[in-house]
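For reference, the structure discussed in these notes is given below.
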There are 2 protein chains.
Amino acid sequence: MAATLRDVAALAGVSIKTVSNVVHDFQHIRPATRERVRAAIDELGYKPNISARSLRSGRTGVIGLALPELSLSYFAELADAIIQAAERRHLVVLLEQTGGGDRDREIAMLSSPRLQLTDGLIFSPLGLSTEDAAMLNVGYPMVLLGERVFGGPVDHVTMHNVEASKAATLHLISRGRRRIAIIGAHEGEVVGSAVLRVQGYREALAEAGIPFDPALICNVGRWHRADGAEAMRALIDTGVSFDAVFGLNDTLALGAMRVAQVAGLRVPEDVMFIGFDALDETKYSLPTLSTIDPGRDEIADTAVRLLVQRIEEGVTPRVPEVYLADYTVIDRESTAG
Amino acid sequence: MAATLRDVAALAGVSIKTVSNVVHDFQHIRPATRERVRAAIDELGYKPNISARSLRSGRTGVIGLALPELSLSYFAELADAIIQAAERRHLVVLLEQTGGGDRDREIAMLSSPRLQLTDGLIFSPLGLSTEDAAMLNVGYPMVLLGERVFGGPVDHVTMHNVEASKAATLHLISRGRRRIAIIGAHEGEVVGSAVLRVQGYREALAEAGIPFDPALICNVGRWHRADGAEAMRALIDTGVSFDAVFGLNDTLALGAMRVAQVAGLRVPEDVMFIGFDALDETKYSLPTLSTIDPGRDEIADTAVRLLVQRIEEGVTPRVPEVYLADYTVIDRESTAG
DNA sequence: CCAGGCGGCTGCAACGTTGTAATGAAGGCG
DNA sequence: CGCCTTCATTACAACGTTGCAGCCGCCTGG
């Protein structure tokens, strides 16, 4: 049913290969021939068969994107940005969800045959840890996102977590707060966003001469709204005093903020809140949530750029590149005053 | 580099086709042979080349999903559900964003060569209208979502919009409210979620004997948080009295609720709020938002099921199927009392 | 005037898979 | 004992594309 090179060639009265050459804009084609072929292509509505092309050339024009789950707004906004960045480079995105931090599923995904028709992968793990770095030595181009694995064998796009987190904490300190709770720590974790952000927090405290109080560190399981809410409830129940909360991501901060308000705390008067990620919804919460903008578009664009680079240069081994995106502190109502 | 059928066949000492038969679990293979081939497959780490398979068989195991934008939570949650439903049927999803209701981009997408390696498409338009129904007569299997196009030539999964919307309105009425504002109407629109939901609203009013007041209908451009916020600001400025708000989706309702609160209105005492979509974040707003659960998982699962059915039955023309998902009213704090 | 170069085009083979038809061997039945 | 069926396996040809080698004819320089 669909027209093939053969059909176009027959209609234009040239060889199959000449049509292919026209499609690929090769040189050494007489303008008259080119026009004739173009006309035939339009008439038949010819579109190249990507499976055949890919079988022959080994390229599909599709990149894989593997992330935990789209229902976490952070990943939805990230996927949005990556799909747009890919489109700018004429690539389509095949989206794979690995679930909320399931290490085994993430590892299985890396060797899934579903990735076969993909030229490369942008991978945002949540369950892997640095010991798994070797697993990333797969046979295809890959770019790593996030803060789970460092020093792996692949290009890595991430951000200045420690500095950004320190800036967030200093922002609260500059507003006169000294009892700053953290929502979202991961007890016992060695590597990951949580660890880095807690580290930035501690550096800020140290710089300001504020003693570190472990009672202010709230551990959670995952980074959903419910976890933030639960952690805040627990914190209030302990009776510990606090005058500010740093949610290690926006979702945690929003969940926690709601519980604090229900408990009668005024934001920002009694407790200030700051989050991390600059989700769209932080602009519309009550009060609006201060947060850290991690430069999502920059991250997305760089990830796609690096992946394309890897795809194009083939298997030439090269020292993995690490790219750190810029961040900005966004000051909103939740830290006003 | 990657092992092919040929390599496996050579190692196992059988023909290429026998290996293929083992891979596909065809009958009439001696257990001993099967074992030998299996061992060879494992030893070489053989994975079928999907491009080749697809070239030969015309199937790729990939379905396309085209929706406006992932940064709208509704679509992010929908995509999540569809990807999971596809995975259950061993399909991968290629995600295409068409932007926030751009009709031309939606039409262009339908004939994009990027869809070449896709077995079919799940399409959620926002810019098309019923006059464009004929455009959906593409040459590949397709399932339509949403309320933009009715009576098109393809299977359609949608929901009881009018009834659900009527139920939402009746819920507010049952709480004693009579001045119910609508946020999210589309002036002049003939078909679409907005029209249907406003219709349900009017039916509820009629049933309760409440007069319809056009001053309570707030038009918006898109269905983002900012639009809900802006519409509410405008409504308050008009000085019209109202004691409840029906946001035609959750995002609008949340944006509007925030503005109302900033303006000093108490929710639910002064104004009750109800939304539509049952987004995760409605569970964590302050107050939590009552909403309509449109049966997202059911919609996702049905869409994938119908698409698979269309793909498998080939080009046999058949009367398009219309599936209507069930809804539920979720009663939360924003309508308490 | 001829060798050599180059522009413009074509033919062939291959990418890895699968459907069809065909093969030979073993077993059952009259 | 020969014929027919069933089992187990194989050979071959395609799917639509692209890389490579090659061909022809014209132009240029010596």
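The structure displayed is predicted, hence computed values, not measured ones. Just so it is clear: chains get the letters A, B, ... in the order the sequence lines come, proteins before strands, and each one is counted from 1.
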Inset, instruction - Respond yes when some side-chain nitrogen or oxygen of B:R53 is under 4.0 Å from OP1 or OP2 of C:dT18, and no when none is. - result: yes
Legend entry - Minimum side-chain heavy-atom gap B:E147-B:H156 below 4.5 Å: no
Legend entry - Comparing A:S51 and B:R36 on DNA chain D - which has the more 5′ nearest nucleotide: B:R36
Legend entry - Atom-pair distance (CG on B:D7; P on C:dG16), nearest Å: 8 Å
Inset, instruction - Can you check whether any acceptor in the base of C:dT17 is under 3.5 Å from a donor in the side chain of B:R56, or vice versa? - result: no
Legend entry - Whole angstrom value for the distance that separates C1' of D:dG16 from CD1 of A:I41: 14 Å
Inset, instruction - Would you check if there is a donor-acceptor pair between the side chains of A:D80 and B:Q97 at a distance under 3.5 Å? - result: yes
Inset, instruction - Record whether the side chain of A:K17 comes under 3.5 Å of the base of D:dG19 through a donor-acceptor pair of N or O atoms. - result: yes
Legend entry - A:H24 vs D:dT18: side-chain N/O to OP1/OP2 distance below 4.0 Å: yes
Legend entry - Any A:R6 side-chain nitrogen or oxygen under 4.0 Å from OP1 or OP2 of D:dG16: no
Inset, instruction - Please state how far atom CD in B:Q27 lies from atom P in D:dT9, giving the value in whole angstrom units. - result: 13 Å
Inset, instruction - Would you mind classifying the nucleic acid contact of B:L55 as base, sugar-phosphate or nothing, using non-hydrogen atoms under 4.0 angstrom? - result: base
Legend entry - Length of the line joining B:N21:CG and D:dC7:P, which is rounded to integer Å: 15 Å
Legend entry - Close side-chain approach of A:V191 to A:V149, heavy-atom, < 4.5 Å: no
Legend entry - Test item: side-chain donor near acceptor, B:S51 and A:S54, under 3.5 Å: yes
Legend entry - Exceeds 12 heavy-atom contacts within 6.0 angstrom, atom CZ of A:R88: yes
Legend entry - B:R59 CZ - C:dG19 P separation (whole Å): 11 Å
Inset, instruction - Check every strand shown and say whether B:L5 touches a base, only sugar-phosphate, or nothing at a heavy-atom separation below 4.0 Å. - result: base
Inset, instruction - Could you tell me whether A:T4 contacts a base, only the sugar-phosphate backbone, or nothing, with contacts defined as non-hydrogen atoms closer than 4.0 Å? - result: sugar-phosphate
Legend entry - Phosphate-side-chain proximity, A:T18 and C:dT10, N/O vs OP1/OP2 below 4.0 Å: yes
Legend entry - Gap between atoms CG and C1', on A:L117 and C:dC15 respectively (whole Å): 15 Å
Inset, instruction - Take the protein atom NE2 of B:H28 and the nucleotide atom C1' of D:dT10, then report the distance between them rounded to whole Å. - result: 15 Å
Inset, instruction - Using a heavy-atom cut-off of under 4.0 Å over every strand shown, decide if A:T33 touches base, sugar-phosphate, or nothing. - result: sugar-phosphate
Inset, instruction - Could you check how far CZ of A:R34 sits from P of C:dC9, rounded to whole Å? - result: 9 Å
Inset, instruction - May I ask you to evaluate whether B:S20 reaches the phosphate of C:dT18, defined as a side-chain N or O under 4.0 Å from OP1 or OP2? - result: yes
